[in-house]
Amino acid sequence: MAVASETTPQYTVPGLSTEDSSSIVTLLQKRLHALNDLALTLKHVHWNVVGPHFIAVHEMIDPQVDQVRAMTDDLAERISTLGGEPHGTPGALVADRTWDDYSIGRAEAIEHLGALDLVYTELIKDHRDAMQATETSDPVTQDMLIEQLRGLELFQWFVRAHLENSGGRLSTARATTEQAAAKQAADQARNQP
């Protein structure tokens, strides 16, 4: 059973109908869950990364966690501004999410980075869809999502810099699962001089 309220807000910002506001709130709630999940996943990676590149990845992840948490705060405040009720509890996240838990435990840095590439890819795709969906109805929300995309795409570039060979090919190319991406990243790393 979904935890998030499906009711139309009693009020919203001037110039936006409560019906439009309601659909934007629903869309933003999904983004809030996704970013809360990302923050937890990144912390999980921070705690479970091992190997010779441990410290580089360990220290690269914490600033991402901090910025993603700031993004969740912005989303929740926008939901409230639109007259909605943000749901940030673990139960709401688990009840409403449409994806599985991050599947990599204690692993080499390169394996986590391979899996994180896929995590970022899916999250960025969904964030872009939300950004496009708000273009006409709520450019203020769209602007916030654009700014968040700028940060998320930068974080993925940080991850991908570890996965790219000198020819510009990503070791995670065509991987469809976190496990496959982790394996492909590790295999490429082992085969490089």
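Predicted model, so just to flag it, every value in this text is computed and none were measured.
- A continuous path of hydrophobic side-chain contacts links L113 to F54 [ILVMFWY only; heavy atoms under 4.5 Å].
- A donor-acceptor pair is defined here as one N or O able to donate and one able to accept, closer than 3.5 Å; such a pair exists between the side chain of Q184 and the backbone of A173.
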Item to complete: Could you walk me through whether N36 and R69 pass the side-chain contact (heavy atoms from CB on, under 4.5 Å) test, one step at a time?
Response: CA-CA 7 Å; N36 272 328; R69 285 181 176 160; over 6 Å; no
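- With respect to the salt-bridge test (charged N to carboxylate O, under 4.0 angstrom), the residues D187 and K183 qualify.
- With rounding to the nearest 0.5 angstrom, the CG atom of L28 is 10.5 Å from the CG atom of L35.
- Counting only heavy atoms from C-beta outward, the side chains of Q156 and D117 approach each other to under 4.5 Å.
- Taken together through direct or relayed side-chain contacts under 4.5 Å among Ile, Leu, Val, Met, Phe, Trp and Tyr, L32 and L93 form parts of separate hydrophobic clusters.
- Put simply, NE2 on H53 and CD on E108 are 8.5 Å apart, with the number rounded to the nearest 0.5 Å.
- D37 is not listed as a side-chain neighbour of Y102, based on a closest heavy-atom distance of 4.5 Å or more.
- Grouping the Ile, Leu, Val, Met, Phe, Trp and Tyr side chains by contacts below 4.5 angstrom, directly or via other members, places W99 apart from I124.
- Atom NE2 of residue H58 and atom NE2 of residue H46 lie 3.5 Å apart, to the nearest 0.5 angstrom.
- Under a hydrophobic-cluster definition in which Ile, Leu, Val, Met, Phe, Trp and Tyr are linked whenever side-chain heavy atoms come within less than 4.5 Å, directly or via other members, W47 and L40 are assigned to different clusters.
- For D126, there are no salt bridge (charged side-chain N to carboxylate O under 4.0 Å, His left out) partners two or more places apart in sequence or in a different chain.
- Hydrophobic cluster membership differs between W157 and L118, with clusters built from Ile, Leu, Val, Met, Phe, Trp and Tyr side chains linked at under 4.5 angstrom.
- Residue-environment remark: NE2 (H44) exceeds the threshold of 12 foreign heavy atoms within 6.0 Å.
- Of all the heavy atoms in Y120 and V159, the pair that sits closest is CE1-CG2, 4.1 Å.
- Between P9 and E85 the shortest side-chain heavy-atom distance does not fall below 4.5 Å.
- At a threshold of 4.5 Å between non-hydrogen side-chain atoms, the residues Q64 and F158 count as touching.
- Looking at heavy atoms from C-beta onward, D101 lies in side-chain contact with R97 at the 4.5 angstrom threshold.
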Item to complete: Please assess V49 against E111 for the test side-chain contact (heavy atoms from CB on, under 4.5 Å), listing each intermediate value before the final yes or no.
Response: CA-CA 9 Å; V49 65; E111 293 173 287; over 6 Å; no
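- Of the candidates K30, H33, Q29, H87, H33 is the only one forming a side chain to side chain donor-acceptor pair (under 3.5 Å) with D96.
- Heavy-atom minimum distance, H162 versus I110: O-CD1, 3.4 Å.
- L42 has its side chain within reach of L116: a pair of non-hydrogen atoms, C-beta onward, lies under 4.5 Å apart.
- A130 and R31 get closest at one heavy-atom pair: CB-CD, 3.8 Å.
- The two atoms that bring V57 and A109 nearest to each other are CG2-CB, 3.6 Å, heavy atoms only.
- Of all heavy-atom pairs spanning A115 and I104, the tightest one is CB-CG1, 3.7 Å.
- Taking each heavy atom of L82 and V13 in turn, the nearest pair found is CD2-CG2, 3.9 Å.
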Worksheet item: Given the rule in the side-chain contact (heavy atoms from CB on, under 4.5 Å) test, do T172 and Q188 qualify, once you have shown the distances and angles that lead to the verdict?
Response: CA-CA 9 Å; T172 53; Q188 178 175 296; over 6 Å; no
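- In this structure, T134 OG1 and D143 CG are separated by 9.5 Å, a value rounded to the nearest 0.5 Å.
- Taken to the nearest 0.5 Å, the CG atom of D20 stands 8.5 Å off from the CG atom of D138.
- Rounding to the nearest 0.5 Å places CG of D74 at 10.0 Å from OG1 of T81.
- Side-chain atoms of L149 and R128, non-hydrogen and from C-beta on, do get closer than 4.5 Å to each other.
- At least one side-chain heavy atom of V25 sits less than 4.5 Å from a side-chain heavy atom of S21.
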